[in-house]
Amino acid sequence: MHILPQSFYNRPTLKVAQDLLGCFLVILPSGKSRTTNAAHANSTVRYKIVEVEAYDGLNDLASHASRGRTERNKIMFGPAGMIYVYFTYGMYYMLNIVTGVKDYPAAVLIRAVEPPPPLVTSPRLRSGQTRERGAIITNGPGKLTKVLGIDKRFHGLPIYVKRHGLWIESGERIKPSQIKKTTRIGVDYAGKYRDKNWRFYIRGNQFISRK
DNA sequence: CAAGAGATCATCT
DNA sequence: GATGATCTCTTGA
């Protein structure tokens, strides 16, 4: 398991998106856990990426970039490997990674992750929590950022270094036959781009947001 | 089970 | 002033 370098993201978005499946989103939970077990204070939590969407170029009517460069989306036009977090619907943060060469606006939205197995030694530790009242809580872009505590503080930071407490590591290679390619969620307004099969998920995985 | 509404506010026009 | 890369809850068949 090694951290994915910037060069991984500096490739065509559709490829990066699919290659991210099976990789691990790793977070170093930050400071606010004074009350939790001190023995785990410095531990990381590894979530397997199981569902993503690609937003590809200026022409993609579903992409923020389609209406040109703005204060919010300008990071999509920059170099690859930067974290793009935006706030939507008045209550959710969306986690994206900028992809592709500089000046080509593109990004991958992380839509669902699979939590690590519950910690046997400390089953009540929050970082090992995978469900709430029986429901999966990392199967949706707005839900997973809430669980991981990802907000605007991460916007604009590189995901290819560990320094900021959030990075991605390589994982198991997912065979192409195991990758489902289908339409993106919530982009009915996007004209012909509505029908692009730019949402990818691991076939049969129980932690995806939708089939 | 599916469809519809409401929450709630930063960003864009 | 309108909307959205969402989610949860309610309604009704």
Side-chain angles (χ1 to χ4, degrees), chain A residues 9 12-21 23 25 47 49-78 80-100 104-115 129-157 159 166 168 179-202 205-211:
Chain A
Y9 306 99
T13 308
L14 297 179
K15 209 160 197 44
V16 175
Q18 293 171 78
D19 288 350
L20 278 173
L21 295 176
C23 292
L25 179 64
Y47 296 85
I49 297 171
V50 299
E51 179 183 340
V52 297
E53 278 176 3
Y55 288 85
D56 190 13
L58 277 175
N59 296 329
D60 179 3
L61 293 175
S63 172
H64 292 162
S66 70
R67 287 167 291 268
R69 193 185 193 113
T70 67
E71 187 58 30
R72 178 176 68 167
N73 70 20
K74 66 182 182 188
I75 193 157
M76 293 182 76
F77 293 76
M82 295 299 162
I83 298 169
Y84 173 29
V85 175
Y86 69 89
F87 185 68
T88 191
Y89 293 107
M91 57 185 94
Y92 298 111
Y93 293 98
M94 300 284 132
L95 172 63
N96 302 259
I97 314 299
V98 174
T99 57
Y104 184 86
V108 173
L109 169 69
I110 309 296
R111 284 196 55 91
V113 296
E114 176 178 330
Q129 185 177 359
T130 62
R131 291 167 186 256
E132 199 169 84
R133 297 193 304 275
I136 296 168
I137 53 179
T138 56
N139 57 346
K143 294 168 78 177
L144 74 89
T145 53
K146 190 175 172 195
V147 168
L148 302 207
I150 291 170
D151 59 24
K152 290 295 255 187
R153 297 194 315 263
F154 289 94
H155 179 73
L157 301 176
I159 191 98
L166 184 67
I168 297 177
I179 298 178
K180 173 70 179 180
K181 307 176 182 185
T182 184
T183 53
R184 294 172 290 179
I185 305 296
V187 298
D188 288 349
Y189 57 83
K192 67 179 182 185
Y193 284 85
R194 173 179 60 107
D195 302 317
K196 298 284 186 189
N197 289 328
W198 288 353
R199 181 165 70 101
F200 308 102
Y201 65 80
I202 300 177
N205 187 279
Q206 300 303 295
F207 295 87
I208 61 172
S209 70
R210 310 227 205 154
K211 296 225 168 163

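In the text below, chain A, chain B and the rest are named by the order of the sequence lines, each starting its count at 1. Here the structure is a predicted model, which means the values were calculated and not measured. Just so you know, these numbers use all the heavy atoms, side chains as well, and skip hydrogens, waters and symmetry mates.
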- Do A/L25 and A/L148 have side chains that get closer than 4.5 Å, going by heavy atoms? yes

- Query: Looking across every strand, which nucleic acid part, if any, lies under 4.0 Å from A/R184 by heavy atom: base, sugar-phosphate, or nothing?
  - Reply: nothing

- Query: Rounded to the nearest Å, what distance is computed from the OH atom of residue A/Y55 to the C1' atom of nucleotide C/dG4?
  - Reply: 11 Å

- For residues A/Y201 and A/T182, determine if any side-chain heavy atom of one lies less than 4.5 Å from a side-chain heavy atom of the other. yes

- Item | Gap between atoms CE and P, on A/M94 and C/dA5 respectively (whole Å) | 9 Å

- Task: Answer yes or no: is there a side-chain heavy-atom contact under 4.5 Å between A/I49 and A/I202?
- Result: no

- To the nearest angstrom, the CG-P distance between A/D56 and C/dA5 comes to 17 Å

- Is A/Y86 stacked on the base of C/dA5, with ring centres under 5.5 Å apart and planes under 30° apart? no

- Message: According to ring-ring contact (aromatic ring centres under 6.0 Å, His included), who are the partners of A/Y93, at least two apart in sequence or on a separate chain?
- Response: A/F87

- Message: For A/D195, give me all partners under salt bridge (Lys or Arg N to Asp or Glu O under 4.0 Å), at least two apart in sequence or on another chain.
- Response: none

- Message: If we ignore hydrogens and angles and just use 3.5 Å, is the side chain of A/R111 paired with the main-chain N or O of A/R210 as donor and acceptor?
- Response: no

- Item | Atom-to-atom span, NZ of A/K211 to C1' of B/dC1 - whole angstrom | 15 Å

- Query: Quick one: is C/dA5 close enough that its OP1 or OP2 comes under 4.0 Å of any side-chain N or O from A/R199?
  - Reply: no

Side-chain donor-acceptor distances from residues 71-78 of chain A under 3.5 Å, at least two apart:
from	atom 1	to	atom 2	distance (Å)
A/E71	OE2	A/K74	NZ	3.0
A/N73	OD1	A/T70	N	2.7
A/N73	OD1	A/T70	OG1	3.4
A/N73	ND2	A/H64	O	3.1
A/N73	ND2	A/G68	O	2.8
A/N73	ND2	A/T70	OG1	3.4

- Which part of the nucleic acid, if any, lies within contact of A/I185, taking any heavy atom under 4.0 Å across all strands shown: a base, the sugar-phosphate backbone alone, or nothing? sugar-phosphate

Taking only nitrogen or oxygen atoms into account, show me every contact under 3.5 Å that the protein makes with nucleotides 1-3 of chain C, one pair per line with its distance.
none

- Message: Whole angstroms only, please: what is the CD1-P distance between A/I137 and C/dT6?
- Response: 19 Å

- Query: Rounded to whole angstroms, how far apart are CG on A/L109 and P on C/dG4?
  - Reply: 16 Å

- Message: Output the pairing pattern of DNA chain B as a dot-bracket string, 5' first, Watson-Crick or G-U wobble with both distances under 3.5 Å, | for cross-strand pairs, [ ] for crossing pairs.
- Response: |||||||.||||.

- Against the side chain of A/K143, the closest entry in B/dC12, C/dA5, C/dC7 is C/dC7

- Answer whether the closest heavy-atom distance between the side chains of A/L20 and A/Y9 falls below 4.5 Å. yes

- Message: Can you measure A/M76 atom CE to C/dA5 atom P for me and round it to whole angstrom units?
- Response: 11 Å

- Does A/H155 reach the side chain of A/Y84, with side-chain heavy atoms less than 4.5 Å apart? yes

- Validation row: A/P105, A/L58 side chains within 4.5 angstrom (heavy atoms): yes

- Task: Any chance you could measure A/Y92, atom OH, to A/L144, atom CG, to the nearest 0.5 Å?
- Result: 12.0 Å

- Task: Could you tell me whether the side chain of A/L21 reaches within less than 4.5 Å of the side chain of A/I179, counting heavy atoms only?
- Result: yes

Check nucleotides 5-10 of chain B against the protein and report each pair of N or O atoms closer than 3.5 Å, with its distance, or say if there are none.
from	atom 1	to	atom 2	distance (Å)
B/dT8	O2	A/Y89	O	2.5

- Atom CD1 of A/I110 to atom C1' of C/dT6: distance rounded to whole Å? 16 Å

